[in-house]
There are 2 protein chains.
Amino acid sequence: MGKNIPVPAIERLSKIYTVVSGLKKSDKKRISSAELESLTGIQAHSIRKDLSLLSPVKSGKEGYSTDSLEELVSATFGFNRKRRICVAGLDMLGMAILNNPDSALSGFEIAAGFDNSINRMEMITTKVPLYHFYEIEETVRRLEIEFAILAVDAEGAQKTADRLLAGGIRGILNFSPVILEPKLNLLVRNIYLLEELRLLSALLAQDPVPLTRGQTGAASPDKGNSEQYK
Amino acid sequence: MGKNIPVPAIERLSKIYTVVSGLKKSDKKRISSAELESLTGIQAHSIRKDLSLLSPVKSGKEGYSTDSLEELVSATFGFNRKRRICVAGLDMLGMAILNNPDSALSGFEIAAGFDNSINRMEMITTKVPLYHFYEIEETVRRLEIEFAILAVDAEGAQKTADRLLAGGIRGILNFSPVILEPKLNLLVRNIYLLEELRLLSALLAQDPVPLTRGQTGAASPDKGNSEQYK
DNA sequence: TCCTATCTGTGAATTATTTCACAGATAGGA
DNA sequence: TCCTATCTGTGAAATAATTCACAGATAGGA
């Protein structure tokens with residue numbers, strides 16, 4: 001149960017977990033680090049090294065057991081516990097996210113949607129309960145919502161984030177084009193379309209085109225326990 | 001004009017660019033590395049170091065000129081040239097992206113939308129020209145589209161990516177929950193909601209909660225000149 | 001049971017990135 | 001013009017992450 005797993009390793013392990021849990025359907029019992037490399041693009045070296053940071057030791061001639069590998073990562077990172085999340089901002093992007101089928105978000109449950117337009121909310125049909133922005137703090141606290149997907153416009157972003165935090169939210173996936181103020185006890189990952197496009201441009205301008213890392217949209221170094229951009 | 005700018009530095013510089021170009025409206029002529037730190041969360045150290053990788057040398061008692069800073073990053077990474085992009089897959093997520101106002105994507109122009117449902121496309125009103133998936137290759141080539149935003153479901157993702165690549169696309173922002181096959185000459189950045197949520201969980205499970213980096217949604221190390229996840 | 005081929009686990013070496021600390025440059029005031 | 005306060009630019013040091021290479025473990029066959 002290693003403390004201090006480097007962030008890049010966490011990112012790789014999450015990806016490995018995704019691949020392995022997707023694999024289980026296909027009754028594959030064991031998988032080698034080399035197979036994982038071809039499925040994930042992560043080098044076998046790194047896969048073994050990363051797993052050795054968690055692993056309670058075992059070895060063999062066959063690869064990893066998919067079951068125990070999934071269990072190991074899951075237990076280390078808390079993927080086994082279902083977490084409640086919410087979506088704040090229900091314009092097109094927010095609605096697209098709200099409409100994800102449960103199966104697409106396995107391990108997470110969208111427990112609430114928030115918007116500032118009563119009219120808009122009345123037109124929406126969804127099984128997710130909807131609330132006005134002014135109910136954010138109370139609702140997040142009452143439903144024990146841990147993460148928020150912030151899909152509001154630039155103007156409202158910081159204020160909405162503050163309300164979420166006041167309700168006790170632990171992490172925000174920020175789709176709004178704003179750099180949120182770093183706060184202690186709040187993880188932020190930014191997913192900013194324009195920034196991602198620029199990153200593609202910038203990477204392309206490098207010669208040779210670099211291999212890159214980390215990150216789905218990633219984040220950047222930050223003070224105050226939060227994470228910005230990627 | 002430094003070759004070999006490390007990827008993390010590229011990510012930070014892109015972010016700095018975003019902040020600085022946003023600042024220009026407010027008639028701010030000069031900005032210090034310390035001010036940039038408070039705006040971006042990137043340490044002043046790193047900002048100066050990163051800029052020194054590009055800078056043709058200059059110094060002074062005042063901070064950076066916002067104009068020349070913007071120009072420097074812009075020129076280094078090719079942000080000054082307008083690039084054409086497309087959106088493949090026009091369900092809710094794709095439509096949300098297609099409907100971004102031009103101003104939200106400054107430097108990029110959505111030159112085409114693609115979908116496999118003629119019915120769906122006929123119901124859409126947008127000023128972006130729409131085409132069927134089977135026109136992808138020809139259209140991407142004819143319009144010289146450089147980047148694609150892939151917002152199709154898991155089933156169609158790889159096939160659609162192949163068509164885009166056949167048309168000569170240089171980079172893909174992949175919103176579909178699939179790890180695309182690494183290809184030479186194709187940059188991929190994955191923005192995978194479930195993966196991002198898991199990353200939040202995993203980061204939270206670390207004690208102490210780590211500061212993180214890179215990336216808006218970021219990507220991970222890869223063979224074959226492409227970038228996966230983040 | 002023993003041997004071999006295979007694949008993991010991991011310390012050590014290498015490489016990359018970040019942080020530091022201070023020399024150098026400049027604007028502005030005296 | 002000279003002095004001072006301020007802020008950049010950047011080698012060097014420190015830290016972090018990746019890659020390597022091989023010892024150790026095991027399954028399966030002879």
Side-chain angles (χ1 to χ4, degrees), chain A residues 1-13 16 20 29-38 40-66 68-69 72-73 206 208 210-215 218-223, chain B residues 1-13 16 20 29-38 40-66 68-69 72-73 206 210-215 218-223 230:
Chain A
M1 213 59 78
K3 291 269 168 130
N4 286 350
I5 302 167
V7 173
I10 294 177
E11 296 179 344
R12 288 189 298 264
L13 286 164
I16 289 166
V20 170
K29 287 287 174 229
R30 309 208 136 251
I31 191 166
S32 68
S33 53
E35 287 175 289
L36 279 171
E37 169 168 341
S38 72
T40 60
I42 302 167
Q43 299 205 336
H45 291 143
S46 291
I47 291 172
R48 294 206 302 276
K49 181 67 164 182
D50 290 346
L51 286 171
S52 84
L53 299 173
L54 323 182
S55 164
V57 190
K58 66 194 158 182
S59 192
K61 180 198 161 190
E62 308 187 312
Y64 301 94
S65 146
T66 49
S68 57
L69 201 164
L72 178 63
V73 178
Q206 289 294 96
L211 312 183
T212 336
R213 77 134 154 307
Q215 339 35 121
S220 50
D222 255 301
K223 309 161 54 167
Chain B
M1 215 56 81
K3 290 267 167 131
N4 287 349
I5 302 168
V7 173
I10 294 177
E11 296 178 345
R12 288 189 296 265
L13 286 164
I16 290 165
V20 170
K29 287 289 174 229
R30 309 209 136 251
I31 189 165
S32 68
S33 53
E35 286 176 291
L36 279 171
E37 170 168 342
S38 71
T40 60
I42 302 168
Q43 299 204 337
H45 291 143
S46 292
I47 291 171
R48 294 206 302 277
K49 181 68 165 182
D50 290 346
L51 287 171
S52 83
L53 298 173
L54 323 182
S55 164
V57 190
K58 65 194 157 180
S59 194
K61 180 196 160 191
E62 307 189 315
Y64 300 94
S65 146
T66 49
S68 57
L69 201 165
L72 177 63
V73 178
Q206 288 293 97
L211 311 183
T212 335
R213 76 133 156 302
Q215 62 305 150
S220 50
D222 255 302
K223 307 161 57 167
K230 98 174 72 174

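Per chain, numbering begins at 1; letters A, B, ... match sequence-line order.
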Fill in the blank from the handout: Heavy-atom nearest pair, B:Glu35 first then B:Arg30, reads OE1-O, 4.2 Å

Fill in the blank from the handout: Rounded to whole Å, CG of B:Leu69 lies from P of D:dG9 at a distance of 9 Å

Exercise for the section: Tell me whether the OP1 or OP2 atom of D:dT18 has a side-chain N or O from A:His45 closer than 4.0 Å. Expected result: no

Handout entry: Watson-Crick or G-U counterpart of D:dA17, or none if no pair lies under 3.5 Å
Key = C:dT14

Practice task
Report yes if a side-chain nitrogen or oxygen of B:Tyr64 is closer than 4.0 Å to either non-bridging phosphate oxygen (OP1 or OP2) of D:dG9; otherwise report no.
Solution key: yes

Handout entry: D:dT18 OP1/OP2 closer than 4.0 Å to side-chain N/O of A:Gln43
Key = no

Handout entry: Gap between atoms CD1 and C1', on A:Ile5 and C:dT10 respectively (whole Å)
Key = 16 Å

Exercise for the section: State the pairing partner of C:dC22; accept Watson-Crick or G-U wobble contacts with both distances under 3.5 Å, and report none otherwise. Expected result: D:dG9

Problem - Close side-chain approach of B:Leu51 and B:Ser33, heavy atoms under 4.5 Å - result: no

Exercise for the section: Would you mind reading off the distance between A:Asp50 atom CG and D:dA16 atom P, rounded to a whole angstrom? Expected result: 17 Å

Exercise for the section: Between A:Ser52 and A:Lys61, just flag the one whose closest nucleotide in DNA chain C comes earlier from the 5' side. Expected result: A:Lys61

Problem - Short side-chain N/O contact from A:Arg48 to OP1 or OP2 of D:dC20, under 4.0 Å - result: no

Handout entry: Value in whole Å for how far the C1' atom of C:dT19 lies from CD1 of B:Ile47
Key = 14 Å

Handout entry: From D:dA17, C:dT17, D:dT8, nucleotide with atom closest to B:Pro8 side chain
Key = C:dT17

Practice task
Report yes if at least one side-chain N or O of B:Arg30 is closer than 4.0 Å to OP1 or OP2 of C:dA27; otherwise report no.
Solution key: no

Exercise for the section: May I ask you to test the B:Ile47-B:Thr40 pair for a side-chain heavy-atom distance under 4.5 Å? Expected result: yes

Exercise for the section: To the nearest Å, give me how far apart CD1 (A:Ile42) and P (D:dA17) are. Expected result: 16 Å

Practice task
Could you state the atom-to-atom distance from CD of B:Glu62 to P of D:dA5 in whole Å?
Solution key: 17 Å

Handout entry: Spacing between A:Leu54 atom CG and C:dT8 atom P, to the nearest angstrom
Key = 15 Å

Practice task
Verify the contact: side-chain N or O of A:Ser46 to OP1 or OP2 of D:dT19, cut-off strictly under 4.0 Å; return yes or no.
Solution key: yes

Handout entry: Mate of D:dG28 where both pairing distances stay under 3.5 Å, Watson-Crick or G-U
Key = C:dC3

Completion exercise
note: A:Leu53, atom CG; D:dA16, atom C1'; distance rounded to Å ~ 13 Å

Fill in the blank from the handout: For B:Arg12 and B:Ile42 the tightest heavy-atom approach is CD-CG2, 3.5 Å

Practice task
Compare side-chain N and O positions of B:Ser32 against OP1 and OP2 of D:dC7 and report whether any pair is under 4.0 Å apart.
Solution key: no

Handout entry: A:Asn4 and A:Leu53, any side-chain heavy atoms less than 4.5 Å apart
Key = no

Fill in the blank from the handout: Considering only heavy side-chain atoms of B:Lys49, the closest of C:dT8, D:dG28, D:dT10 is D:dT10

